[in-house]
Amino acid sequence: MYARCGKVEDALKVFDESSQRGVNDVVSWNSIVGAYVQSGEVNRALKMFGRMNSGGFGLQADVVSLVNILPACGSIKAAMLGKQVHCYAFRSCLFEDVFVGNAIVDMYAKCGMMREAKKAFDIMDDKDVVSWNAMVTAYSQSGSFDDMMHLFEEMKEKKIESNVVTWSAVIAGYAQRGLGVEALDVFRRMQLSRAAPNMITLVSLLSACATLGALLVGKETHAHAIRCLMNNRNDRGEDLTLNNALIDMYAKCGNVSDARIIFQSLSLKEMNVVSWTVMIGGCAQFGDANEAMGLFSQMLHGTTRPNAYTISCALMACSRLGALRSGKEIHAYVMRNCNGNGFESVMLYVANCLIDMYSKCGNVDAAQIVFDNILNKNDVSWTALMTGYGMHGRGEEALQVFDGMQKAGLVPDEITFLVVLYACSHSGMVERGIKYFNTMQRDYGVAPMSKHYACMVDLLGRAGRLDEVVELIKGMPMKASPIVWVSLLSACRIYANVELGEYAAERLLELDSKYDGTYTLLSNIYANAGRWKDVSRIRLLMRKMGIKKRPGCSWVQGEKGTASFFVGDRSHPQSEQIYELLADLIQRITIIGYVPETSFSLHDVDEEEKKGLLYEHSEKLALAYAILTSTPGAPIRITKNLRFCGDCHNAFIFISMIVDHEIIVRDSSRFHHFRKGTCSCRGYW
DNA sequence: TTAGGGTTAG
């Protein structure tokens, strides 16, 4: 009785008393073991089970004992013990019991031993729907989708009716793989069948909607869930899981405000670590990364501890903001808490996020140190570091990482080659980029995809080899994607090629007429060529299409937090000093040879931005602010949401000659390190 | 006895 009410200690007392009198039977032993399993004390349960079977008590485990202990083995992946229990079940013929058989299949699956699971499943004489579900679930969770669907079809052939568990497992399997369309399709088929979805089905479905960004179906599912809630009394845990899945779905579908409404409807007591994680992750990726950081610090002041998932999301926010100081603080937090708090098993994930964070916050050397300290590096670790060197224009080092990766026995795949080409492109290593592109299929069996072509267009385009770009695009075995045309258009902007630019813009508008960058780039090309009529034609077209240029924004992490600037921004309290210093800097660099490139003053199509003069660009304001507030000699880190303006880039080179700071700028595609009149991009900006 | 929510590299 005590055991069933969850009072393990009381149950144990009774058990011990009976023990002394020698009257405990299998039933009482089972109750104790079951109570430990229920309360999550798996190791104690396993110990008790071991004592029971030690032979000293003259007892033998029965069906209930096995059904108790097998899931416990699975939950802590105690494969050896699980195998022993299986042997015992075999010897005692208890494995013929369908409950025991199901538990054996499930145990092997949870231990990741799929072959053994399938073997145990195959020799079961009387399978029930639970047996099939155990196997379908096993395949679903191990990512073996073909096997999962095969079994699912076999169920249909054998006329075993799928129940809600089967359907939910199949939906979840697809969702986890990111196959949202297939998951939704299964849900439609489920609706046609007799099985009614429950909360778990809906949660799996929301996860599919989240990966797909399918807001409409997500909302439908939300409505389903409300009906489901009204019809059934659910426990609070189930409600919270649903709310967490809803927050995640809304955020990933780009509707952060609805996600926030659900998040805020939860009381601090109700929410758990997942609620915080999905909200922080949602803001970090799809909303305001500053809000994500705010939420994270709010969380640290509360009672819910972040785990590795939360940390990864917070690091993503730092990466996006270029918030090196916050990133370092989180790194320190991880170091303080990595022992015994559930971080071990997912440390690799966190470490890979740290590599990304340090690279994107401008400190790729720190990323290298994190990388060096990882004992069991995986392909993501190598790729993240390579990307880091690539975006800092340190192509040689990126290629050394590529060599190291292969020496470590990892096989390059399409992502590896994308990163290699990207690194070559950002370091001006044109010939080597071409060589890798030409050999990736021949030597490594990786066929170039559209994104690799886009990278090559970028590589050749930045180098001004526009004729070769045209040939490359003509020879593409697939339709050119929008990124291909954007890369070409950008190259036409740099090399002032109006005709080709127009052609690229036309192709791009056919594919995606809503992308504001197309209009801006084309307008810049016309402005540069002095074709003012065309400039106003583009402006009119934008108005007609309801397209607004995203405003350029630059920010800098100062002593007292982050300061951000738009073009012509005068909202900062130190605005007057900032403009004064900027005017002084411009005057001084003009003396040593800076000439404003006025074509960039027409960079902005937006009316408000047009008013801004060249020296009011957001990156120049951010730099002036940073110089004003930093200690001499300290590096200055600026982040810009769009592409670095060419005139600003030129001005920064001159300014770096006259100030005692290294200036590190991250724009939408890469880093620029300015030191004493040079930039790390060597013209490939 | 089977099923459910959150994380990394382009």
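Here is how names work: the chains are called A, B, and so on, in the same order as the sequence lines, proteins then strands, and each is numbered from 1.
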Starting at [atom1] of [X] and ending at [atom2] of [N], how long is that distance when rounded to a whole Å?
| X | N | atom1 | atom2 | result |
| --- | --- | --- | --- | --- |
| A:I280 | B:dT8 | CD1 | P | 13 Å |
| A:W382 | B:dA9 | CH2 | P | 19 Å |
| A:D413 | B:dT8 | CG | C1' | 14 Å |
| A:N198 | B:dT2 | CG | C1' | 13 Å |
| A:L315 | B:dT7 | CG | C1' | 10 Å |
| A:Q285 | B:dG6 | CD | P | 12 Å |
| A:D97 | B:dT1 | CG | C1' | 10 Å |
| A:N352 | B:dT7 | CG | P | 15 Å |

Query - Any N/O donor-acceptor pair, A:D379 side-chain to B:dA9 base, under 3.5 Å - result: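 Not at all, since no donor on one side and acceptor on the other fall under 3.5 Å apart.
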**Report entry** Any N/O donor-acceptor pair, A:N307 side-chain to B:dG6 base, under 3.5 Å
**Finding:**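 Indeed there is one.
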Evaluate the ring planes of [X] and [Y], with Trp represented by its six-membered ring, and classify them as parallel (under 30°), tilted (30 to 60°) or perpendicular (over 60°).
| X | Y | value |
| --- | --- | --- |
| A:F417 | A:Y436 | tilted |
| A:F90 | A:H86 | perpendicular |
| A:F402 | A:Y444 | tilted |

Query raised in the report: Counting only N and O atoms by type, is there a donor-acceptor contact under 3.5 Å from the side chain of A:D356 to the main-chain atoms of A:N352?
Result: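 Absent.
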Given [options], identify the nucleotide with an atom nearest to the side chain of [X].
| X | options | answer |
| --- | --- | --- |
| A:T137 | B:dT2, B:dG6, B:dA3 | B:dA3 |
| A:A172 | B:dG4, B:dT7, B:dA9 | B:dG4 |
| A:V165 | B:dA9, B:dA3, B:dG4 | B:dA3 |
| A:D356 | B:dA3, B:dG6, B:dA9 | B:dA9 |
| A:K360 | B:dA9, B:dT1, B:dT7 | B:dA9 |

Query raised in the report: If you round to the nearest 0.5 Å, how far is NE2 of A:H222 from CG of A:L206?
Result: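 The CG atom of A:L206 sits 8.5 Å away from the NE2 atom of A:H222.
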